[in-house]
Amino acid sequence: MGFAQLYYTSCEHGLSGYAGYQFNAATPGVDQRVLQEVERFTVYEPPGGRVEEHPVNLCYSPDLGGYPVVSRIVSCGPDPSGRPGNYFAHSLVGAGGPLAAELWDADFWVSAPVSDRDLPVLEVPGGPLGRARTDSWVRRRPPELVVRLLAAVDAAIAGGRPVVLVADSATVAHWVAALAHLLPPDRARAMAFSTYCASPQETFAHVVGVPPGVDPEPLRGRFTVVDPVVGALDALPAPPPASGEAAARAVAAGTAGAERLWQAAERRAGGREASLADWHPVLVATELLTAPSGAPSTGVTAAELRAVRAWLPAAVEWLPARDAAALADRVVDDGAADARVLADLQRVAHRTGSPALIGRLDRLVVHRCLDGIVAGAAAPAALPTRSEPVREAARERIADLLSAPFPGSAAPGRDGVPEWTPPERAVELLRWSRACGLVPSALALERYGHGVVGPLLAAAPPGDAPGPAVEALLSAHPEVRRGAAARLADLTRDRLGELACGPVGALFTGDRDGGALLRELRRLGLDGREDPARLLEEVAVIRVGGRAAGSPGVPAHDVDASLLDEVWGRGHGPRAALRTLRVLGTGVRTAPDVAGWVCAPLLAAPPVGAEPAWHALAEEVAGHALRGGIPAEAERVLGDRAALEAALDSWSRTVESGAADAPGPWALLARSHPTPADVSLRAVAALLLDRWGPPTAARVLRDCPEEVFVAYREAAAHRLCDDPPDTGAAARVYLAALRSGLGPGRAAVVEQEVLLPALAGWGRRNTGRVRRRLPREEAAGFDLWVRGHRSRRGLFGVRGGDRV
């Protein structure tokens with residue numbers, strides 16, 4: 001493996017072009033940032049004494065300007081100018097190759113400047129401190145000291161306190177090499193070290209050597225200070241169990257065997273392991289897998305088996321299925337009583353695909369979980385059970401537990417004997433069984449809803465919310481809702497309506513299965529009737545869905561008369577009937593009584609102003625599919641209306657043409673049904689008031705039957721006495737009655753029963769508006785008529801702010 005080289009010292013000739021500390025020579029192409037970092041990294045402060053006795057600093061950083069760098073720094077005495085304290089640093093830049101700690105005392109290190117400034121790439125196949133040499137060296141040290149020191153260095157690499165070794169630089173170098181050989185390979189290359197440092201506070205290495213004789217007390221606050229020669233364990237903290245156990249396994253293998261240990265572990269690793277604690281379960285799992293078949297792993301403790309159990313659910317993602325199955329089979333035997341741990345191992349078993357392991361773990365999980373739920377525990381997390389024999393046995397037990405009292409149940413049945421599983425336990429049981437894919441049959445759940453949940457809801461006071469357990473059962477299980485809805489359907493409609501409009505009914509709002517009747521009553525009970533037609537349409541949809549799902553209590557028809565009365569109220573008019581007809585399109589199943597309900601407004605004269613709705617209703621009924629089932633009286637109304645409409649249309653055209661003796665449809669009015677006759681009379685009155693001029697109106701009124709004249713008077717009185725009055729109609733009535741030859745008898749009646757009562761209510765403003773509606777030649781006569789009647793009757797007062 002080739003490394004770029006750097007020489008740094010105080011010299012007369014170098015890369016800077018002037019005398020002093022500088023790079024004397026370098027391999028071409030090294031990044032300037034690396035040069036700057038190496039210059040700072042290799043500062044050497046010699047101790048006192050003879051130069052040849054000064055310590056050698058072999059130091060290493062995994063990242064100087066983006067590259068790993070290993071340097072050897074030696075004291076050189078005076079520089080060329082005679083100044084003392086010069087040093088020479090020979091640095092290698094590059095990745096790979098032997099571990100930096102192995103290069104102690106290698107024969108390629110240079111200690112003096114050279115004249116050629118360009119250095120070649122250096123090939124470094126290995127170093128003197130190999131594994132064989134450090135193995136024999138480290139085995140002479142107390143194992144516990146090595147374990148603790150290894151764990152302390154691992155913690156330092158992870159960001160903990162750096163380790164200071166109080167020893168000569170050669171001893172420190174051997175310790176660093178031994179520790180590097182015991183660590184996982186990537187961890188060893190991440191360990192920064194320095195075999196000698198006069199000021200450890202100014203270095204950023206994980207392991208620092210200081211020579212004997214240095215006072216270590218000032219360092220103890222920031223560093224873990226150890227004298228490895230004395231070997232005092234009290235200077236090293238006891239490592240965490242996982243780190244300590246992993247370190248112990250590496251130390252037991254020795255620096256020579258550790259290489260094989262980590263190679264075997266890497267084959268089971270996930271690639272994210274860094275610290276010894278991360279590697280600990282991998283080491284234990286490797287030992288379990290490499291132990292002879294059937295032979296116990298005597299070196300594996302119960303705590304380490306627990307560590308493997310905790311590691312295995314993640315490791316199954318990268319382990320071969322055979323290895324994962326073997327580990328799960330091994331660790332499940334060691335007292336894995338925790339339900340969560342069992343669930344994790346069950347997940348591992350499912351990932352491996354091993355039928356034997358799946359059946360074993362499924363059976364353990366099912367029994368453990370069901371026993372816990374029966375004992376009052378919450379439903380644990382679980383995976384769907386895959387083993388079919390286990391599934392069948394579990395379903396049977398769940399069905400038994402659901403339909404029989406739990407041990408210790410306080411829910412009394414007849415004679416004080418518990419009869420049903422209480423809802424709180426049923427929630428946990430069904431929550432767990434649903435997660436496992438073990439939900440009991442729909443019949444069992446429906447029976448539970450009918451036998452337990454339904455009675456609880458039926459007994460609830462109006463407005464009270466069901467308990468959380470009941471709510472959870474209804475929300476999660478449509479079969480329970482169906483059974484409960486069937487029980488509630490036996491209640492009276494009033495009582496069921498109370499429940500439907502409260503918290504109980506809210507639990508069935510999203511139900512498309514069993515609670516259609518509750519949804520209908522809730523929709524009817526809570527609707528403000530802003531749009532009754534839409535409400536009717538929604539209830540019809542609810543009934544259709546409810547019947548399709550077999551929901552109990554749903555009426556046989558989508559719409560019936562009782563529903564229409566509930567939606568529109570009693571005494572409905574033509575507008576309500578018309579909007580209802582438009583809802584009853586193709587596919588809506590209507591009850592026989594709907595036709596009579598729709599036709600009822602046709603049989604009575606509509607309120608004034610509702611005549612267009614009455615005619616529209618008649619038109620709609622005449623062409624609707626319900627026509628064949630309407631009452632006979634309604635059929636007569638439709639026929640008479642059609643005949644009168646045609647007769648009135650023909651007569652009005654004749655009158656408008658100016659025919660002097662146009663016979664009115666009076667005989668047809670006399671023999672028609674009273675309702676269309678009344679509506680037709682109103683239509684004649686409207687023609688006389690709005691469509692024809694006063695002379696034509698007077699001519700018709702002079703010869704028409706009394707009932708026509710009465711209809712005209714009533715319509716005119718309504719229009720003239722309205723607030724505000726119809727001043728245009730008032731002007732036309734005045735002209736027809738008093739200026740167009742109506743005849744003294746009927747003119748007097750119109751004046752006394754229509755004009756004068758209206759005049760009594762008019763203010764000066766309305767009187768003026770009527771006057772402006774008259775022809776100019778008639779205005780003066782109208783003024784005289786008004787003053788004459790007011791003066792005779794003393795009609796003075798205030799109306800609408802005007803003096804009258």
Side-chain angles (χ1 to χ4, degrees), residues 1-11 13-17 20-45 55-76 86-130 157 169 172-173 176-177 179-181 183 185-197 202-209:
M1 176 62 67
F3 293 89
Q5 301 186 78
L6 303 172
Y7 294 171
Y8 184 86
T9 187
S10 178
C11 57
H13 304 285
L15 300 183
S16 64
Y21 280 103
Q22 60 185 302
F23 285 99
N24 167 247
T27 301
V30 178
D31 193 293
Q32 185 64 34
R33 291 174 299 176
V34 176
L35 297 177
Q36 294 171 355
E37 293 293 333
V38 169
E39 183 176 3
R40 286 194 290 266
F41 181 63
T42 57
V43 171
Y44 182 88
E45 183 180 348
V56 175
N57 182 18
L58 181 69
C59 56
Y60 166 75
S61 172
D63 184 7
L64 285 181
Y67 295 89
V69 175
V70 57
S71 303
R72 177 180 178 269
I73 308 142
V74 296
S75 180
C76 299
N86 191 17
Y87 60 90
F88 187 93
H90 181 185
S91 301
L92 305 181
V93 181
L99 292 173
E102 296 178 348
L103 303 181
W104 173 265
D105 209 20
D107 57 7
F108 57 77
W109 293 115
V110 174
S111 302
V114 296
S115 57
D116 188 356
R117 298 178 185 181
D118 291 338
L119 298 177
V121 172
L122 182 66
E123 299 294 332
V124 182
L129 285 185
I157 298 171
S169 58
V172 173
V176 169
L179 294 171
H181 290 146
L183 284 169
D186 288 344
R187 198 68 160 175
R189 293 189 183 276
M191 178 181 66
F193 62 84
S194 178
T195 61
Y196 162 73
C197 185
E202 298 177 7
T203 186
F204 296 97
H206 303 121
V207 183
V208 182

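The two residues Val121 and Gly2 come nearest to each other via the heavy atoms CG1-CA, 3.5 Å. The two residues Gly127 and Pro98 come nearest to each other via the heavy atoms N-CB, 4.5 Å. Nearest heavy-atom pair, Gly126 versus Leu103, reported as atom, atom and distance to 0.1 Å: O-CD2, 4.0 Å. Shown here for Val38 and Ser91, the closest heavy-atom pair between the two residues is CG1-OG, 3.5 Å. Closest approach of Ala26 to Leu6, counting heavy atoms only: CB-CD2, 3.5 Å. Between Ala177 and Leu129 the shortest heavy-atom distance is CB-CD1, 3.9 Å.
Partners of Leu179 under the side chain to side chain contact (heavy atoms under 4.5 Å, CB included) rule, at least two apart in sequence or in another chain, are Leu149, Leu150, Val153. With sequence neighbours excluded, the residues forming a side chain to side chain contact (heavy atoms under 4.5 Å, CB included) with Gln32 are Leu35, Gln36, listed by chain and number. Evaluation of the side chain to side chain contact (heavy atoms under 4.5 Å, CB included) rule for Ala106 yields Phe108, Trp109, Pro128 as partners, not counting sequence neighbours. Residues passing the side chain to side chain donor-acceptor pair (under 3.5 Å) test with Thr42: none are found, sequence neighbours excluded. Contacts of Thr203 classified as side chain to side chain donor-acceptor pair (under 3.5 Å), with partners at least two apart in sequence or in another chain: none. Contacts of Tyr21 classified as ring pair (Phe, Tyr, Trp, His ring centres under 6.0 Å), with partners at least two apart in sequence or in another chain: Tyr87. Under the rule for a ring pair (Phe, Tyr, Trp, His ring centres under 6.0 Å), Trp104 has no partner lying at least two apart in sequence or in another chain. The side chain to side chain contact (heavy atoms under 4.5 Å, CB included) check on Pro120 picks up Gln5, with sequence neighbours excluded. Tyr7 is linked by a ring pair (Phe, Tyr, Trp, His ring centres under 6.0 Å) to Phe88, His90, counting only residues two or more places apart in sequence or in another chain.
For residues 109-118, there are no salt bridge (charged side-chain N to carboxylate O under 4.0 Å, His left out) pairs, not counting sequence neighbours. Residue pairs that meet the salt bridge (charged side-chain N to carboxylate O under 4.0 Å, His left out) test with at least one member in residues 25-41, sequence neighbours left out, are Asp31-Arg33, Glu37-Arg40.
The backbone N or O of Phe193 sits nowhere less than 3.5 Å from a side-chain atom of His206 that would complete a donor-acceptor pair.
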For a quick test of your reading: what N or O donor-acceptor pairs under 3.5 Å do the side chains of residues 58-69 make, sequence neighbours left out?
{"unit_1": "Tyr60", "atom_1": "OH", "unit_2": "Arg189", "atom_2": "O", "d": "2.7"}
{"unit_1": "Ser61", "atom_1": "OG", "unit_2": "Asp63", "atom_2": "N", "d": "3.3"}
{"unit_1": "Ser61", "atom_1": "OG", "unit_2": "Asp63", "atom_2": "O", "d": "3.4"}
{"unit_1": "Asp63", "atom_1": "OD1", "unit_2": "Gly66", "atom_2": "N", "d": "2.8"}

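Residues Ser115 and His13 are not in side-chain contact: their nearest non-hydrogen atoms beyond the backbone lie 4.5 Å or more apart. Under the 4.5 Å side-chain criterion, counting only non-hydrogen atoms from C-beta, Arg72 is in contact with Ser111.
Note that CG of Leu119 and CG of Asn24 are 7.5 Å apart. Values are rounded to the nearest 0.5 Å.
Side chain to side chain, Thr195 and Ser169 fail the donor-acceptor criterion of an N or O pair below 3.5 Å.
A ring-centre distance under 6.0 Å is found for Tyr44 and Tyr196.
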